[in-house]
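FYI, the numbering just counts along the sequence from 1. The figures that follow rest on heavy atoms only: side chains count, while hydrogens, waters and symmetry mates do not.
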Amino acid sequence: SVRRFNQHIENKKYDDKVSKIYAQLALSYSFSKMRRLEEALNLLNTVEKNTQDANILAEVSVRRADYMFYNKRFTEAIGLY
């Protein structure tokens with residue numbers, strides 16, 4: 001799945017499509033499940049910088065807290081929730 005998400009993200013025809021953002025969110029989730037927390041968080045930061053959509057920004061915030069929680073960084077997770 002990581003390869004497919006990367007292909008979608010890197011495809012120029014999706015640069016101005018919301019599907020690119022959703023692919024980035026899905027890829028960040030994949031990274032979090034592979035214990036690649038920094039890569040997951042970097043993708044969330046990228047999404048956050050490239051959208052103004054309130055629903056996506058809320059999703060980014062919750063996912064960031066969830067990733068911290070799953071990696072036993074409880075104090076940081078609580079602060080983010």
Side-chain angles (χ1 to χ4, degrees):
S1 68
V2 169
R3 186 176 309 136
R4 298 288 285 183
F5 292 138
N6 272 324
Q7 287 173 344
H8 188 84
I9 292 165
E10 293 170 3
N11 190 326
K12 297 294 181 200
K13 75 178 185 179
Y14 299 115
D15 278 351
D16 59 345
K17 307 277 186 203
V18 73
S19 65
K20 179 177 180 175
I21 292 172
Y22 287 119
Q24 290 171 319
L25 289 172
L27 183 57
S28 76
Y29 178 77
S30 296
F31 283 150
S32 76
K33 288 302 185 182
M34 294 186 301
R35 303 270 188 228
R36 293 165 61 178
L37 181 62
E38 291 308 314
E39 289 171 278
L41 294 174
N42 286 338
L43 268 171
L44 291 180
N45 291 337
T46 299
V47 169
E48 192 172 47
K49 289 177 189 172
N50 294 324
T51 190
Q52 300 298 318
D53 185 299
N55 291 327
I56 293 173
L57 292 172
E59 181 71 22
V60 166
S61 295
V62 170
R63 284 184 187 227
R64 185 177 287 124
D66 286 348
Y67 297 169
M68 293 297 184
F69 182 83
Y70 297 146
N71 284 276
K72 299 183 179 169
R73 293 167 62 173
F74 302 119
T75 303
E76 292 171 80
I78 290 169
L80 292 168
Y81 284 121

Side-chain heavy atoms of [X] within contact of [Y], under 4.5 Å:
| X | Y | answer |
| --- | --- | --- |
| Tyr81 | Asp66 | yes |
| Glu48 | Arg64 | yes |
| Phe31 | Ser28 | no |

Closest heavy-atom contact between [X] and [Y]?
| X | Y | result |
| --- | --- | --- |
| Ala77 | Ala65 | CB-O, 3.5 Å |
| Ser32 | Ala40 | N-CB, 3.9 Å |
| Leu80 | Met68 | CD1-CG, 3.8 Å |

Applying side-chain hydrogen bond (donor to acceptor under 3.5 Å, both in side chains) to Tyr22 and not counting sequence neighbours gives none
Review point. Got a sec, which residues hit ring-ring contact (aromatic ring centres under 6.0 Å, His included) with Tyr14, two or more places apart in sequence or on another chain?
Key: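 Residues passing ring-ring contact (aromatic ring centres under 6.0 Å, His included) with Tyr14: His8.
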Across all chains, not counting sequence neighbours, the ring-ring contact (aromatic ring centres under 6.0 Å, His included) partners of Tyr70 are none
Arg63 side chain vs Leu44 backbone, donor-acceptor pair below 3.5 Å
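Absent.
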Check: Gln7 main-chain N/O paired with Asn11 side-chain donor or acceptor under 3.5 Å: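 Not confirmed, Asn11 side chain does not pair with Gln7 backbone.
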Discussion item. Between Asn50 and Lys20, is the side chain to side chain contact (heavy atoms under 4.5 Å, CB included) condition met? List the steps.
Written reply: CA-CA 11 Å; Asn50 294 324; Lys20 179 177 180 175; over 6 Å; no
Within this structure, what is the CZ-CG distance for the pair Arg36 and Leu41, rounded to the nearest 0.5 Å?
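The CG atom of Leu41 is 13.0 Å from CZ of Arg36, to the nearest 0.5 Å.
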Q. Atom OG of Ser19 and atom NZ of Lys13: how far apart are they, to the nearest 0.5 Å?
A.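 Spacing of OG (Ser19) from NZ (Lys13) equals 9.5 Å.
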Q) Hey, which of Thr46, Asp53, Val47 is the one that makes side-chain contact (heavy atoms from CB on, under 4.5 Å) with Ile21? A)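 The passing option is Val47.
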message: Asn42 vs Asn45, test: side chain to side chain contact (heavy atoms under 4.5 Å, CB included). Steps then yes/no.
response: CA-CA 5 Å; Asn42 286 338; Asn45 291 337; 4.2 Å; yes
Phe69 with Leu43, same ILVMFWY side-chain cluster at under 4.5 Å =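 Shared cluster, no.
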**Request:** Could you go through the side chain to side chain contact (heavy atoms under 4.5 Å, CB included) check for Val60 and Leu25 one step at a time?
**Result:** CA-CA 8 Å; Val60 166; Leu25 289 172; 4.0 Å; yes
Do the rings of Tyr67 and Tyr29 sit parallel, tilted or perpendicular, given the 30° and 60° boundaries? tilted
